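Comments concern the structure below.
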Amino acid sequence: MQRIIFHMDGDAFFVGCEVAKNPGLRGLPVVTGEERGIVSALSYEAKTLGIKRGMPIFRVKKDFPCVLVLPGDYASYTRFSQMMFDIVRRYADDVEEYSIDECFADLTGLDRTLKMSYLEIAERIKREVTVELGLSVSVGLAPTKVLAKVASNWVKPNGLTVIDPEKTAGFLLKTPIEKVWGIGPRTAEYLKKKNIQTAGDFAEKDVSWVRNNLSQPYESMWLELNSVCVSQVDSEPKTVYSSIQKTRTFHPPTRDTTFLLSEFSKNIEDACRKARHYKLVSKKISFFLKSRDFKYFTLKIVLDSPTNAPEVLVHEVRLRLGEMYKPGVIYRTTGVTLSDLVPDTVQQGDLFGSGIKAGKFESIHRQLDLLEEKFNKRVVYLGSTHKALNKKKLGTDSEDLDRDLLFL
DNA sequence: TCTGGGGTCCTAGGACCC
DNA sequence: TCTGGGGTCCTAGGACCC
């Protein structure tokens with residue numbers, strides 16, 4: 001059966017949220033990303049001035065003093081995001097929250113249920129988001145997810161574009177190949193060498209050509225461009241992860257191992273907290289240090305039994321820091337990845353390995369996680385994380401911090 | 001004073017086994 | 001003086017997404 005897929009995309013979403021919170025900003029050149037040092041999102045007025053995503057904030061401040069630079073406020077963006085998706089759910093059950101500012105919905109059959117045309121449903125969602133939340137969005141309606149993305153991108157900002165099956169060819173021949181979802185700069189370059197300039201050129205190729213020249217995911221993409229629905233709208237909230245990563249960049253860069261270890265400790269705690277939340281454990285953990293000149297130094301460890309207890313990992317990285325730390329190198333980022341995650345149902349304790357150590361911490365974490373979820377606030381940190389917290393909370397008296405937090 | 005953070009999937013190539 | 005031919009599993013790294 002022919003499906004009708006809806007895609008909605010926030011226009012300059014982070015800035016859009018800032019404007020929604022403070023309507024006085026409307027019409028002004030605004031960027032967010034001050035805390036990151038590069039532009040995350042920019043208003044269309046800022047774009048007109050020649051500012052681009054990823055531009056260093058210091059350059060914006062220097063070359064465009066009229067531009068308002070704001071720090072990101074992710075908690076509020078997440079709230080707007082949820083309110084936006086809730087509006088879509090007034091109409092459709094099947095809503096996939098694809099990213100903080102994008103969702104898909106399967107509208108198939110809702111024209112009869114709701115006694116409205118598909119276009120009318122899309123218009124109403126868009127209008128309610130605009131009126132109730134003060135956010136501008138662009139919307140696409142098409143037979144597949146890939147085509148719905150092409151559609152929502154067609155007119156931006158504030159667009160609503162329908163791609164009927166009969167009209168796809170016209171749209172695709174005017175869509176540059178690099179604008180197709182899943183085609184990045186490398187693949188675009190490769191395809192252009194093969195004389196494929198537009199999504200239409202690609203869609204017109206034989207399936208055998210696609211199989212012989214590209215890897216598997218591109219065949220799905222090719223099918224979707226040809227109106228064959230391959231990827232379903234998946235409304236299940238994500239609960240399975242194959243990996244969990246936490247990284248933090250700090251400034252100034254440093255070679256102070258005590259500080260680096262506390263940054264690792266913080267990342268490990270955050271990653272393990274998330275793993276515990278989803279009841280996952282890992283026995284393959286990799287750590288990295290990123291140097292000032294963006295070189296990576298990694299350390300991989302394999303435990304005897306999987307864990308999500310930060311104490312074990314903090315211990316390991318402290319013991320083996322020397323395997324990735326090079327004296328004389330200055331570092332800007334640390335990170336940790338828990339991979340090969342498995343459900344922590346029955347912890348078959350490894351009596352002689354690290355399993356027994358992890359076991360000791362299990363009930364402590366269970367209690368602390370409950371406490372923290374109840375107060376929706378981090379309450380307890382490892383002592384090894386102390387330094388990283390002080391560093392982060394600039395302007396906060398560290399004694400105040402100690403009064404609120406308990407260190408193990 | 002350039003360059004954040006969090007994911008997924010695929011491929012090539014080596015190790016190892018029979 | 002010529003060195004098979006499979007298969008599987010794992011890792012590193014690339015490409016892509018927001």
Side-chain angles (χ1 to χ4, degrees), chain A residues 7-14 31-41 51-63 69 71-72 74 77-78 81 96-104 145-146 149 152-153 177-191 211 213-221 230-231 234 237-253 263 266-267 270-271 273-275 278 280 282-286 288 290-302 330-341 392:
Chain A
H7 180 252
M8 182 167 77
D9 197 348
D11 298 322
F13 184 66
F14 293 174
V31 309
T32 69
E34 185 172 38
E35 81 292 353
R36 288 175 35 177
I38 57 170
V39 173
S40 306
I51 296 172
K52 301 229 169 3
R53 265 190 69 143
M55 188 181 275
I57 291 291
F58 75 89
R59 252 186 75 196
V60 175
K61 288 183 172 169
K62 192 169 108 218
D63 299 347
V69 177
Y74 292 85
Y77 306 155
T78 305
S81 173
E96 175 177 334
E97 303 184 4
Y98 179 70
S99 74
I100 194 163
D101 74 325
E102 277 181 53
C103 68
F104 293 96
K145 285 165 85 172
V146 170
K149 284 270 258 185
S152 66
N153 245 300
I177 189 68
E178 65 272 14
K179 295 201 76 175
V180 176
W181 183 30
I183 306 238
R186 304 306 291 259
T187 309
E189 194 190 355
Y190 172 77
L191 290 174
R211 285 181 189 152
N213 290 275
L214 295 162
S215 66
Q216 206 275 324
Y218 295 94
E219 187 178 333
S220 307
M221 182 186 304
V230 176
S231 159
D234 179 8
K238 187 159 182 58
T239 58
V240 280
Y241 287 89
S242 48
S243 69
I244 290 175
Q245 181 170 22
K246 291 288 171 185
T247 65
R248 304 211 312 166
T249 298
F250 37 82
H251 54 91
E263 285 289 320
K266 167 74 173 143
N267 286 327
D270 291 344
R273 202 184 324 267
K274 181 165 177 180
Y278 291 102
L280 295 167
S282 162
K283 64 171 164 182
K284 281 193 195 172
I285 297 98
S286 75
F288 74 81
K290 179 161 49 164
S291 68
R292 205 167 38 174
D293 49 346
F294 285 74
K295 293 208 171 62
Y296 287 82
F297 302 85
T298 60
L299 165 67
K300 295 180 191 314
I301 67 173
V302 181
I330 315 281
Y331 301 98
R332 71 186 328 268
T333 307
T334 76
V336 60
T337 306
L338 314 182
S339 45
D340 284 22
L341 291 164
K392 199 67 188 176

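Within every chain, numbering begins at 1; the chains are lettered A, B, ... in the order of the sequence lines, protein sequences first and strands thereafter. Every value quoted in this text rests on a predicted model; they were computed, and no experiment measured them. Computation of the quantities below employed the complete heavy-atom set of this structure, encompassing side-chain atoms and omitting hydrogens, waters and symmetry-equivalent molecules.
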Classify the side-chain pair [X]/[Y] by whether it contains a donor and acceptor separated by less than 3.5 Å.
{"X": "A:T249", "Y": "A:T333", "result": "yes"}
{"X": "A:Y218", "Y": "A:T187", "result": "yes"}
{"X": "A:K284", "Y": "A:S339", "result": "no"}

Considering only side-chain heavy atoms of [X], which listed nucleotide, [options], is closest?
{"X": "A:K149", "options": "B:dC2, B:dC9, C:dC17", "answer": "C:dC17"}
{"X": "A:R332", "options": "B:dT3, C:dC18, B:dT8", "answer": "B:dT3"}
{"X": "A:D101", "options": "B:dG4, C:dC10, C:dC18", "answer": "C:dC18"}
{"X": "A:R186", "options": "C:dC18, C:dC16, C:dT11", "answer": "C:dC16"}
{"X": "A:P217", "options": "C:dC18, C:dC16, B:dC10", "answer": "B:dC10"}

Quick check on [N]: is either OP1 or OP2 less than 4.0 Å from any side-chain nitrogen or oxygen of [X]?
{"X": "A:T187", "N": "C:dA15", "value": "no"}
{"X": "A:S243", "N": "B:dT8", "value": "yes"}
{"X": "A:R292", "N": "B:dT3", "value": "no"}
{"X": "A:K61", "N": "B:dT1", "value": "no"}
{"X": "A:K238", "N": "B:dG6", "value": "no"}
{"X": "A:T249", "N": "B:dG5", "value": "yes"}
{"X": "A:S99", "N": "C:dC17", "value": "no"}
{"X": "A:R53", "N": "B:dT3", "value": "no"}
{"X": "A:K246", "N": "B:dG5", "value": "no"}

Once you apply a heavy-atom cut-off of 4.0 Å, does [X] come out as touching a base, just sugar-phosphate, or nothing?
{"X": "A:I57", "value": "nothing"}
{"X": "A:V302", "value": "nothing"}
{"X": "A:E35", "value": "nothing"}
{"X": "A:Y98", "value": "sugar-phosphate"}
{"X": "A:I244", "value": "sugar-phosphate"}
{"X": "A:G184", "value": "sugar-phosphate"}

Grab the [atom1]-[atom2] distance between [X] and [N] for me, whole Å please.
{"X": "A:Y77", "N": "B:dG5", "atom1": "OH", "atom2": "C1'", "result": "15 Å"}
{"X": "A:D340", "N": "C:dA12", "atom1": "CG", "atom2": "C1'", "result": "14 Å"}
{"X": "A:R248", "N": "B:dG6", "atom1": "CZ", "atom2": "C1'", "result": "15 Å"}
{"X": "A:R36", "N": "B:dG5", "atom1": "CZ", "atom2": "P", "result": "8 Å"}
{"X": "A:F14", "N": "B:dG5", "atom1": "CZ", "atom2": "P", "result": "14 Å"}
{"X": "A:F250", "N": "B:dT3", "atom1": "CZ", "atom2": "C1'", "result": "15 Å"}
{"X": "A:M221", "N": "C:dC17", "atom1": "CE", "atom2": "C1'", "result": "11 Å"}
{"X": "A:M55", "N": "B:dT1", "atom1": "CE", "atom2": "C1'", "result": "15 Å"}

Closest heavy-atom pair and its distance - A:S40, A:Y74: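 For A:S40 versus A:Y74, the nearest heavy atoms are OG-OH, 4.4 Å.
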Answer yes or no: is there a side-chain heavy-atom contact under 4.5 Å between A:W181 and A:N153?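 No - every pair of side-chain heavy atoms lies 4.5 Å or more apart.
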Using the P atom on both, measure C:dC18 against B:dT3 and round to a whole Å.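 Rounded to whole Å, the distance is 23 Å.
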Syn if the chi torsion is within 90° of 0, anti otherwise; quick check, which is C:dC2?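 With its glycosidic angle within 90° of zero, C:dC2 counts as syn.
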Does C:dT3 adopt a syn or an anti glycosidic conformation, taking syn as a chi angle within 90° of 0?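 For C:dT3, whose glycosidic angle is within 90° of 0, the conformation is syn.
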Salt bridge A:K149-A:E102, side-chain N to carboxylate O under 4.0 Å: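 So A:K149 pairs with A:E102 through a salt bridge.
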Contact nearer the 5' end of DNA chain B, comparing A:P56 with A:S242: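 Its nucleotide being nearer the 5' end, the pick is A:P56.
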Need to verify one output field. Residue with the more 5' nearest nucleotide on DNA chain B, A:K290 or A:V240?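 Result of the comparison: A:K290.
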In sequence, state the C-alpha distance, the side-chain angles, and the governing distance for A:I330 and A:D293, and then conclude on side-chain contact (heavy atoms from CB on, under 4.5 Å). CA-CA 9 Å; A:I330 315 281; A:D293 49 346; over 6 Å; no
Complementary nucleotide of B:dC18, counting Watson-Crick and G-U pairs under 3.5 Å: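 Per the H-bond distance test, C:dG5.
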Over 12 non-hydrogen atoms of neighbours within 6.0 angstrom of NZ in A:K238: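 Buried by this count: over 12 neighbours within 6.0 Å.
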